[in-house]
Amino acid sequence: RSCKLKLIRKFIFHYKNVRWARGRHETYLCFVVKRRTGPDSLSFDFGHLRNRSGCHVERKKLTHSLLLPILSPSLLFLRHLGALCPGLWGSSVDGARLCYSVTWFCSWSPCSKCAQQLAHFLLQTPNLRLRIFVSRLYFCDEEDSQEREGLRQLKRAGVQISVMTYKDYFYCWQTFVARRKRSFKAWDDLHQNSVRLVRKLNRILQPCETEDLRDGFTLLGL
DNA sequence: ATTTTCAAT
């Protein structure tokens with residue numbers, strides 16, 4: 001029971017979409033894996049991950065920039081992808097590959113390195129569809145930040161990136177935290193913060209759309 | 001007005 005309380009506290013602390021997220025030196029990733037079978041998809045697996053800093057020996061040898069992507073939840077997820085999505089890489093009897101659809105709810109948006117590796121991976125795995133909901137944007141204040149570019153890269157790789165809104169927190173609460181035990185109560189400014197972050201993400205991804213538009217124009221010979 | 005960030009001590 002106290003374990004459950006701890007989980008609730010952790011969820012609220014790490015997923016709170018506050019403007020100045022002091023002390024959130026961890027990142028959590030809640031995921032849902034669905035196998036797509038025609039028009040409807042079946043829920044296959046779900047769970048959550050946290051970035052791990054388990055390799056203390058390597059820590060001293062690796063630089064921060066090298067270590068970070070290895071231990072991030074998103075790459076931790078990729079490590080377990082084979083187990084989470086059986087048959088993802090295999091070919092089935094009728095030649096068609098199994099299709100999976102994965103949804104993430106991350107407390108921080110991915111760093112540029114992770115985004116880059118993820119995008120690279122996804123372009124090679126067209127039978128995996130990824131949707132990412134983020135609670136807060138990681139290092140996205142600078143106009144020319146690598147993290148902003150990383151998010152655009154993900155979008156170009158077909159990832160649907162969105163900011164978490166009330167319904168997403170509600171869903172996470174019900175699915176990963178307190179299954180129907182107690183109802184989700186929004187914190188102050190949840191909606192306001194979410195609206196601000198939605199606008200910010202839209203501004204970040206905008207150049208991506210104008211680029212696509214330009215590509216479309218050149219294709220049309222305009 | 002200003003504050004922070006997948007830590008490093």
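Protein chains get the first letters and strands the later ones, always in sequence-line order, with residue 1 at the start of each. The figures here come from the full heavy-atom set of this structure, side chains too, leaving out hydrogens, waters and symmetry mates. Remember, predicted model here, so these are calculated numbers, not experimental data.
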Query raised in the report: Heavy atoms under 4.0 Å, any strand shown: does A:S109 hit a base, just sugar-phosphate, or nothing?
Result: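 Result for A:S109 = base.
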
What integer distance in Å separates [X]:[atom1] from [N]:[atom2]?
{"X": "A:L49", "N": "B:dC6", "atom1": "CG", "atom2": "P", "value": "18 Å"}
{"X": "A:F13", "N": "B:dC6", "atom1": "CZ", "atom2": "C1'", "value": "13 Å"}
{"X": "A:N193", "N": "B:dT4", "atom1": "CG", "atom2": "P", "value": "16 Å"}
{"X": "A:L137", "N": "B:dC6", "atom1": "CG", "atom2": "C1'", "value": "15 Å"}
{"X": "A:W20", "N": "B:dT2", "atom1": "CH2", "atom2": "P", "value": "10 Å"}
{"X": "A:F105", "N": "B:dC6", "atom1": "CZ", "atom2": "P", "value": "22 Å"}
{"X": "A:H14", "N": "B:dT4", "atom1": "NE2", "atom2": "C1'", "value": "14 Å"}
{"X": "A:E142", "N": "B:dT5", "atom1": "CD", "atom2": "P", "value": "15 Å"}

Query raised in the report: For A:H25 and B:dA8, is the shortest distance between a side-chain N/O and OP1 or OP2 below 4.0 Å?
Result: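 It does not, given that no N or O in the side chain of A:H25 lies less than 4.0 Å from OP1 or OP2 of B:dA8.
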
Query raised in the report: Can you tell me if the side-chain N/O atoms of A:Y138 get under 4.0 Å from OP1 or OP2 in B:dT5?
Result: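 It does not, given that no N or O in the side chain of A:Y138 lies less than 4.0 Å from OP1 or OP2 of B:dT5.
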
Query raised in the report: Is the closest basic N to carboxylate O distance between A:R148 and A:E142 below 4.0 Å?
Result: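 Salt bridge: no.
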
Requested in this report: Give a yes or no on whether a salt bridge exists between A:R156 and A:E149, defined as a side-chain N under 4.0 angstrom from a carboxylate O.
Outcome: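 Salt bridge between A:R156 and A:E149, a charged N being under 4.0 Å from a carboxylate O: yes.
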
Query - Nearest-Å distance once atom P is located in both B:dT9 and B:dT5 - result: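 Each nucleotide's P atom is 15 Å from the other's.
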
Query raised in the report: Applying salt bridge (charged side-chain N to carboxylate O under 4.0 Å, His left out), which residue pairs with at least one partner in residues 183-197 of chain A are found, sequence neighbours left out?
Result: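 Those involving residues 183-197 of chain A do not exist here.
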
Identify each donor-acceptor pair in which a side-chain atom of residues 197-206 of chain A lies under 3.5 Å from a protein atom, sequence neighbours left out, and give them as a table.
unit_1 : atom_1 : unit_2 : atom_2 : d
A:K200 : NZ     : A:D141 : OD1    : 2.5
A:N202 : ND2    : A:V198 : O      : 3.4
A:Q206 : NE2    : A:E209 : OE1    : 3.2

Query raised in the report: Has A:W108 got its ring stacked on the base of B:dT5, with centres under 5.5 Å and planes less than 30° apart?
Result: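 No, the aromatic ring of A:W108 does not stack with the base.
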
